[in-house]
Amino acid sequence: MSQLPPLLWLQAFESAARTLSFTAAGNELGVTQAAISQRVRLLEDRVGQKLFVRHARSLTLTPAGQAWLPSIHDAFTRISEGTLEVFGSTSEQPVTLRTTPVIQQSWLAPRLIAFHRAYPHVALRLVSAIWPDDFGPEGADIEIRYGKGEWSGVEMQSLGKERLLPVCSPALAKQLSIPTDLTGHTLLHAAGFGIGWPGWLQEAGVAHLEAQCRSLTCDNQVMTLALASQDGGIALTHLRLLEQRTDLVAPFKLSVLSDEQFWLVRPSRRQVGEDAALVWQWLRNSMR
């Protein structure tokens, strides 16, 4: 028994190995990505072998990790089944909803407020994801993802077609009347968009203009919109995300159709609880 590593370390390994993401494991266990990484390193030190191969933005299991995972997974399954058998299921289980921070702030927040007013008895747990590999069917009852909808093992509902357009502060917008007025200004880029500034500039007929602008790239749209609202440049955003923003305006009417969309997603093989089904239906209805 003295050789058994701490349960928190084992839990971090099992979750990260199952999702192949320290970020997803952190979201699932309610801790930071750094905490998961530290627990896994401590576990690796204890067992004397590497369990993961760490790539730039992904993970794979080592042969030792692959061989060990079934035993760890089975152990947690037996604990869960034994707990359910002795104590029964809990009615206080929250519905876990995972999506990007920008969707949380700009689209989801007012809808969740309305949901809680209508169904105050339903407990919700909101977790954040930024990169595509932060998402996955494990650990979340419902997700709002951005992409082309090319995912397997899930049920999907599109939030509708997306259009991208430039936004900035009201003060900066006074300097912008036509697209060529962007010359010399800072274009704020959010990494990961299928269609970004090059697509909009081409649609506007000024594709050459990008070389005449300053550039600042962020790894998430929350930051580009924050910079834009504080006169830090001009960002591209989705038309739907302007619903609740009073600190940003669109200086041009031109928008470009994106080949990606926001999707309401849930695992197709998981048994859906009553509260999770209620949240899903509420969000579906709020799209209309």
Side-chain angles (χ1 to χ4, degrees), residues 1-90 92-101 123 125-143 145 147 150-154 191-192 219-220 265-271 273 276:
M1 184 64 70
S2 62
Q3 297 301 313
L4 184 66
L7 183 61
L8 288 178
W9 299 1
L10 295 172
Q11 195 177 27
F13 165 68
E14 191 275 338
S15 181
R18 179 164 34 80
T19 62
L20 290 179
S21 167
F22 286 163
T23 301
N27 290 336
E28 182 174 288
L29 300 177
V31 299
T32 65
Q33 178 269 346
I36 296 295
S37 179
Q38 181 184 38
R39 291 173 188 179
V40 169
R41 289 188 185 278
L42 290 170
L43 181 60
E44 290 174 328
D45 290 343
R46 171 67 70 87
V47 300
Q49 293 194 47
K50 292 293 184 184
L51 301 171
F52 293 97
V53 179
R54 294 158 174 82
H55 307 288
R57 278 176 49 192
S58 64
L59 293 173
T60 55
L61 284 163
T62 65
Q66 290 177 336
W68 199 27
L69 178 60
S71 298
I72 301 300
H73 180 72
D74 289 348
F76 279 113
T77 299
R78 291 179 63 185
I79 292 172
S80 177
E81 291 174 349
T83 302
L84 183 63
E85 182 179 346
V86 175
F87 301 104
S89 61
T90 61
E92 299 296 324
Q93 196 76 12
V95 178
T96 300
L97 174 59
R98 177 164 54 210
T99 187
T100 61
R125 175 174 174 261
L126 196 61
V127 294
S128 299
I130 296 177
W131 298 106
D133 59 5
D134 293 340
F135 291 94
E138 299 292 346
D141 298 294
I142 301 170
E143 296 178 334
R145 302 186 191 180
E150 300 171 340
W151 305 293
S152 60
V154 295
D219 71 352
N220 64 84
V265 176
R266 65 180 175 184
S268 57
R269 295 183 180 179
R270 180 184 300 173
Q271 184 175 357

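Start at 1 with the first residue, then count along the sequence. The structure presented is a predicted model; accordingly, all values stated were derived computationally and were not measured.
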- Item | salt bridge (charged side-chain N to carboxylate O under 4.0 Å, His left out) partners of Arg41, counting only residues at least two apart | none
- Are any side-chain N or O atoms of Thr62 and backbone N or O atoms of Lys50, one a donor and one an acceptor, separated by less than 3.5 Å? yes
- Task: Kindly write out the residues that satisfy side-chain hydrogen bond (donor to acceptor under 3.5 Å, both in side chains) with Thr60, not counting sequence neighbours, or none if the list is empty.
- Result: His55
- Task: Indicate yes or no: at least one non-hydrogen side-chain atom of Leu59 is less than 4.5 angstrom from one of Arg54.
- Result: yes
- So do the side chains of Glu143 and Val154 get within less than 4.5 Å of each other, counting heavy atoms only? no
- Query: Does a sphere of radius 6.0 Å around CD in Gln49 hold more than 12 heavy atoms from other residues, nucleotides or ligands, not counting ones at 6.0 Å or beyond?
  - Reply: no
- Query: Is the closest side-chain heavy-atom distance between Val127 and Thr96 below 4.5 Å?
  - Reply: yes
Could you list the donor-acceptor pairs under 3.5 angstrom formed between side-chain atoms of residues 5-17 and any protein atom two or more places apart in sequence or on another chain?
| residue | atom | partner | partner atom | Å |
| --- | --- | --- | --- | --- |
| Glu14 | OE1 | Arg18 | NH2 | 3.0 |
| Glu14 | OE2 | Arg18 | NE | 2.9 |
| Glu14 | OE2 | His73 | ND1 | 3.1 |
| Ser15 | OG | Glu28 | OE2 | 2.9 |

- Gap between atom CG of Asp74 and atom OG1 of Thr77 - 0.5 Å precision: 6.0 Å
- Item | Gap separating the CZ atom of Arg266 from the CG atom of Leu97, nearest 0.5 angstrom | 12.5 Å
- CG of Leu61 to CG of Leu20, rounded to nearest 0.5 Å, is 5.5 Å
- Message: Looking at every non-hydrogen atom in both residues, tell me the closest pair between Ala24 and Arg98 and how far apart they are.
- Response: O-NH1, 4.3 Å
- Query: Which heavy-atom pair separates Ala25 from Thr19 by the least distance, and what is that distance?
  - Reply: N-OG1, 3.9 Å
- Query: Roughly how far apart are Ile72 CD1 and Leu43 CG, rounded to 0.5 Å?
  - Reply: 7.5 Å
